[in-house]
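Computed from a predicted model, the values in this text were never measured in an experiment. Throughout, protein chains are lettered first and strands after them, A, B, ... in sequence-line order, and every chain is numbered starting at 1.
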2 protein chains.
Amino acid sequence: MSVDPTQRRAVRHAQPAAVPARQARRKPPITVDRITDAALEIVATEGYDALTMRSVAGALGTGPASLYAHVVNKADLDELLIGRLCAGLVLPEPDPAAWREQILGVCAQIRDQYLRYPGISRAALAMGPTDLEIVRVSEGMLAILLAGGVAPQAAAWAIDALLLYVAAYCLEASIVRQRSAQEDAVVVHDREEVLRRFAALPAATFPHTTRHAAELTAGEGHDRFDFTLALMVDGLVHR
Amino acid sequence: MSVDPTQRRAVRHAQPAAVPARQARRKPPITVDRITDAALEIVATEGYDALTMRSVAGALGTGPASLYAHVVNKADLDELLIGRLCAGLVLPEPDPAAWREQILGVCAQIRDQYLRYPGISRAALAMGPTDLEIVRVSEGMLAILLAGGVAPQAAAWAIDALLLYVAAYCLEASIVRQRSAQEDAVVVHDREEVLRRFAALPAATFPHTTRHAAELTAGEGHDRFDFTLALMVDGLVHR
DNA sequence: TCTACGTGTGGAACATTGTTCGTGTCAAGG
DNA sequence: CCTTGACACGAACAATGTTCCACACGTAGA
């Protein structure tokens, strides 16, 4: 009802300084955490391809140049994102009797994190092995495999293989989903359509593909993921 | 020494038509094959990241717009490239007694093709399964696995897994090589440097990583590739 | 209190890349 | 000859990562 006294006095003295100060206080400073949060939100809702410096800056109500006071470049932002995802993984206390379930569980966690942020595993594929959050995960997986009696060398290489496969699996899954959304009739990922095309191939040229079109296109949920992980872990067991 | 008679006559009649016609004959028409050849050459020498419509057009002595009369877009070009690489693969006649070596051999061939064109496996990860060249390779691999007595469903899913892993492995290898060339001291891929960093980690936080830094960074040539492929194929054998 | 310095903010500009638009040329068919 | 379709290609546009530069603010020192 009544005009703010400070405002009134400012008007009296033709002094607008009080207003900008209040405005500055209302806008939180840009931080790496806020950038990372905003970026993850964009990837979660629109996919990794929608992640641009401009989209992040827009979400923070600023311009893209402002981000460079906090991140080196876009690749640095990628690393922050993957680091954040890795930080969210729960690494179990290794149990020799359940190491197989444990390693599969960690991989499933990674997969689920990546799939929550469609396309982000592309960033993971570009990261070196020395980021501390990645080392933490690697350490946890190594502990599980060693507890399970896997030889150190095999364990080390298995981690590499598992992480590569998980990232590739998620990348493809994200692309499949993206393509489905686009309803591109030329390149198909939709299972029924692939099945149709496989079955329609000339049997003389593609005898096995036509005969086993159903198996080639089979799989619900993460059947393929589980199958491959089992292959690898079984391979470790029999090593 | 003597001026070309056609030229002389053209000058006489103030008719320049003969000159452009000759020039047109010297420049071969742009075709999909020429585009694909040029693109592969660029990727082979400068890596996938250097592949732009402009770089291809430049190599062909034209402008980027000219390419669009022959390729739909850049993604289409990607498919042409992967199709070309797949067409170069030699698929063996399946031999039940040697199916394991055969499947490993096909995967090694794919790997080598991808590594000859650094970074190109990124395009492979984005492709759907219905491209005819990819179906041909898939058919060949399926024939090998079935000849080896692998159940159709397992064979079908194994192909998916193998192709994903090979692409991811090559993508990472390309990025490692690229990073090494940049001598980026912050993110490291160089093995000795990774070993140094792993060994220098706090042992209390990363006991297994520090103790097994040597194994984590071990591997010459394609040791990791061979290890993982063996894991998968062994897993198939014991299924 | 005033001044200087360092840090953060953010618009403008730049280089690069994929793609479309529009124009000109050529060849084939009527 | 005229028309049509295909190809070639420069110009222009939109989008994206990044740098440059000016300004504002906070802190430390005189």
With sequence neighbours excluded, what pairs up with [X] under the side chain to side chain donor-acceptor pair (under 3.5 Å) test?
| X | answer |
| --- | --- |
| A:Q109 | none |
| A:T210 | none |
| A:R136 | A:E133 |

Show me the donor-acceptor pairs within less than 3.5 Å that the side chains of residues 115-129 of chain B make with the rest of the protein, sequence neighbours left out.
{"residue": "B:R116", "atom": "NH1", "partner": "B:Q113", "partner atom": "OE1", "Å": "3.2"}
{"residue": "B:S121", "atom": "OG", "partner": "B:A167", "partner atom": "O", "Å": "2.9"}
{"residue": "B:S121", "atom": "OG", "partner": "B:L171", "partner atom": "N", "Å": "3.1"}

Measure the distance from [atom1] on [X] to [atom2] on [N] and round it to the nearest whole Å.
| X | N | atom1 | atom2 | result |
| --- | --- | --- | --- | --- |
| B:I35 | D:dA8 | CD1 | C1' | 11 Å |
| A:L67 | D:dC20 | CG | C1' | 16 Å |
| A:L60 | C:dG8 | CG | P | 15 Å |

Legend entry - Results of side-chain contact (heavy atoms from CB on, under 4.5 Å) for B:D226 - residues two or more places apart only: B:R111, B:H222
Inset, instruction - For B:A200, enumerate each residue passing the side-chain contact (heavy atoms from CB on, under 4.5 Å) test, keeping only those at least two apart in sequence or located in another chain. - result: none
Listing time: all N or O pairs from protein to nucleotides 14-18 of chain D that are below 3.5 Å?
{"residue": "D:dG17", "atom": "OP1", "partner": "A:K74", "partner atom": "NZ", "Å": "3.4"}
{"residue": "D:dG17", "atom": "OP2", "partner": "A:M53", "partner atom": "N", "Å": "2.8"}
{"residue": "D:dG17", "atom": "N7", "partner": "A:R54", "partner atom": "NH1", "Å": "2.5"}
{"residue": "D:dG17", "atom": "O6", "partner": "A:R54", "partner atom": "NH2", "Å": "2.9"}
{"residue": "D:dT18", "atom": "OP2", "partner": "A:Y68", "partner atom": "OH", "Å": "3.1"}
{"residue": "D:dT18", "atom": "OP2", "partner": "A:K74", "partner atom": "N", "Å": "2.9"}

Inset, instruction - Flag the pair A:V106 / A:L162 as yes when at least one side-chain heavy-atom distance between them is below 4.5 Å, and no otherwise. - result: no
Inset, instruction - Would you indicate whether the side-chain heavy atoms of B:T130 and A:R196 approach each other to under 4.5 Å? - result: no
Inset, instruction - Compute the angle between the rotation axes at the two ends of the helix from C:dT1-D:dA30 to C:dG30-D:dC1, each taken over five pairs, rounded to 10 degrees. - result: 20°
Legend entry - Selection residues 160-169 of chain B - residue pairs positive for salt bridge (charged side-chain N to carboxylate O under 4.0 Å, His left out), sequence neighbours left out: A:R224-B:D160
Legend entry - Of all pairs that satisfy side chain to side chain donor-acceptor pair (under 3.5 Å), the ones with a partner from residues 41-52 of chain A, not counting sequence neighbours: A:Y48-A:D78, A:D49-A:Q178, A:T52-A:S55
Inset, instruction - Tell me, please, which residues at least two apart from B:F206 pass ring pair (Phe, Tyr, Trp, His ring centres under 6.0 Å). - result: none
side-chain N/O [X] vs [N] OP1/OP2, d < 4.0 Å:
| X | N | answer |
| --- | --- | --- |
| B:H70 | D:dA8 | yes |
| B:S66 | D:dC9 | yes |
| B:T62 | D:dA8 | no |

Legend entry - Nucleic acid contacts of residues 37-45 of chain B, taken as heavy-atom distances under 4.0 Å to DNA chain C: none
